[in-house]
Number of protein chains: 2
Amino acid sequence: MDNKKIEKISKALSDANRIAILQQFKKRKDCLYCAEVNDLLDLTQPSVSHHLKQLVDADLLLSQKEGRNLKYVLNQQVLNDYIACLNELKS
Amino acid sequence: MDNKKIEKISKALSDANRIAILQQFKKRKDCLYCAEVNDLLDLTQPSVSHHLKQLVDADLLLSQKEGRNLKYVLNQQVLNDYIACLNELKS
DNA sequence: TTTGAATATTTGAATGTTTCGATGTTTTAT
DNA sequence: ATAAAACATCGAAACATTCAAATATTCAAA
């Protein structure tokens, strides 16, 4: 994982709303529907859509269409890689 | 570690220059002098100072005066706590 | 105690991010 | 077909970040 990627993931993580989104995955068997995220945050639908996009663009979330719904899944692999890079910083 | 803190640390990490700074600590026995960082990055001195401040404000770096020099030390504890929070996201 | 080296702060311009309202697209149900 | 639901995109306002130039501070040495 190169520094550009680390920067991108860090940027995706640098917002309290997006952290809150990620934390929900633990509570909901690793998958979340877009509508659930809308209920979760006190933001308009376009704003939530924007935050989800940031997380998807950083590959922290994977999205999957299910009819007219959108299902998000946490990308554990990318999270693991990111954590590994941070661990590398330690001597 | 609360979400505001995670946000702040993530923000500190969301810049390629700052990631490059942190990576240098591994190569230089965990401490870096301000002047070394200036040599390292292709930025003016005030910009480097600004980036270092972001890292210190996020508690990722600890600073210590040594005469008129400033020594920065990686704060392993905060890095560990941050990594622990990220690990918590995984189910 | 003045000088100079090392670092910090301020300022302002350019750029990026967050948010919302309005509108568009896709899909399901009637 | 039409309407409604779910989500995305656009446009603009508000706010934050980045960077460099200028200036200030702090400290050691002369």
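Quick caveat: nothing in here was measured; it's all calculated off a predicted structure. Proteins get letters first, then strands, A, B, ... in listed order; numbering begins at 1 in each.
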Please determine if a side-chain N or O atom of [X] lies less than 4.0 Å away from the OP1 or OP2 oxygen of [N].
{"X": "B/R68", "N": "C/dG4", "result": "no"}
{"X": "A/K53", "N": "D/dA8", "result": "no"}
{"X": "B/S47", "N": "D/dC19", "result": "no"}
{"X": "B/N69", "N": "D/dA28", "result": "no"}
{"X": "B/T44", "N": "D/dC19", "result": "no"}

With a non-hydrogen cut-off below 4.0 angstrom, is [X] in contact with a base, only sugar-phosphate, or nothing?
{"X": "A/L52", "value": "nothing"}
{"X": "B/D42", "value": "nothing"}
{"X": "A/H50", "value": "base"}

What's the [atom1]-[atom2] distance between [X] and [N], to the nearest Å?
{"X": "A/L55", "N": "C/dT17", "atom1": "CG", "atom2": "C1'", "answer": "14 Å"}
{"X": "B/L61", "N": "C/dT7", "atom1": "CG", "atom2": "P", "answer": "14 Å"}
{"X": "B/K11", "N": "C/dT17", "atom1": "NZ", "atom2": "P", "answer": "11 Å"}
{"X": "A/Q54", "N": "C/dG16", "atom1": "CD", "atom2": "C1'", "answer": "11 Å"}
{"X": "B/K71", "N": "C/dT7", "atom1": "NZ", "atom2": "P", "answer": "13 Å"}
{"X": "A/L70", "N": "D/dA5", "atom1": "CG", "atom2": "P", "answer": "18 Å"}
{"X": "B/E7", "N": "D/dA16", "atom1": "CD", "atom2": "P", "answer": "11 Å"}
{"X": "B/L43", "N": "C/dA8", "atom1": "CG", "atom2": "C1'", "answer": "16 Å"}

Do B/K90 side-chain atoms and A/Q76 backbone N/O form a donor-acceptor pair below 3.5 Å?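 Here the side-chain-to-backbone pair does not exist.
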Earlier contact from the 5' end, DNA chain D, for A/E36 and B/S14: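 Its nearest nucleotide being more 5', the pick is A/E36.
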As a test of reading the structure: which of D/dA8, C/dA8, C/dT27 is closest to the side chain of B/S49, going by heavy atoms?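 Closest nucleotide among those given: C/dA8.
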Which nucleotide sits closest to the side chain of A/A35: D/dC7, C/dT7, D/dA4?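 So the side chain of A/A35 is nearest to D/dC7.
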Rounded to the nearest 0.5 Å, what's the gap from NE2 on B/H51 to CG on B/L43? Could you check?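 The CG atom of B/L43 is 5.0 Å from NE2 of B/H51, to the nearest 0.5 Å.
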Along DNA chain C (nearest heavy atom to each residue), the more 5'-positioned of A/D15 and A/P46: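 Going by which nucleotide is closer to the 5' end, it is A/D15.
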Is there a side-chain contact between A/Q24 and A/V37 in this structure, where contact means two heavy atoms from C-beta onward sitting under 4.5 Å apart?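 Side-chain contact under 4.5 Å: no.
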Any side-chain heavy atom of B/Q64 within less than 4.5 Å of one from B/L62? no
Do A/Q23 and B/N3 have side-chain N/O donor and acceptor atoms under 3.5 Å apart?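 Yes, a side-chain donor-acceptor pair sits under 3.5 Å.
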Decide yes or no, distance alone: a donor-acceptor N/O pair under 3.5 angstrom between the base of D/dA6 and the side-chain of A/Q45.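 Per atom types, no contact qualifies.
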Are A/K8 and A/D59 within salt-bridge range, i.e. N to O under 4.0 Å? no
For D/dA30, the Watson-Crick or wobble counterpart (both distances under 3.5 Å):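 Partner of D/dA30: C/dT1.
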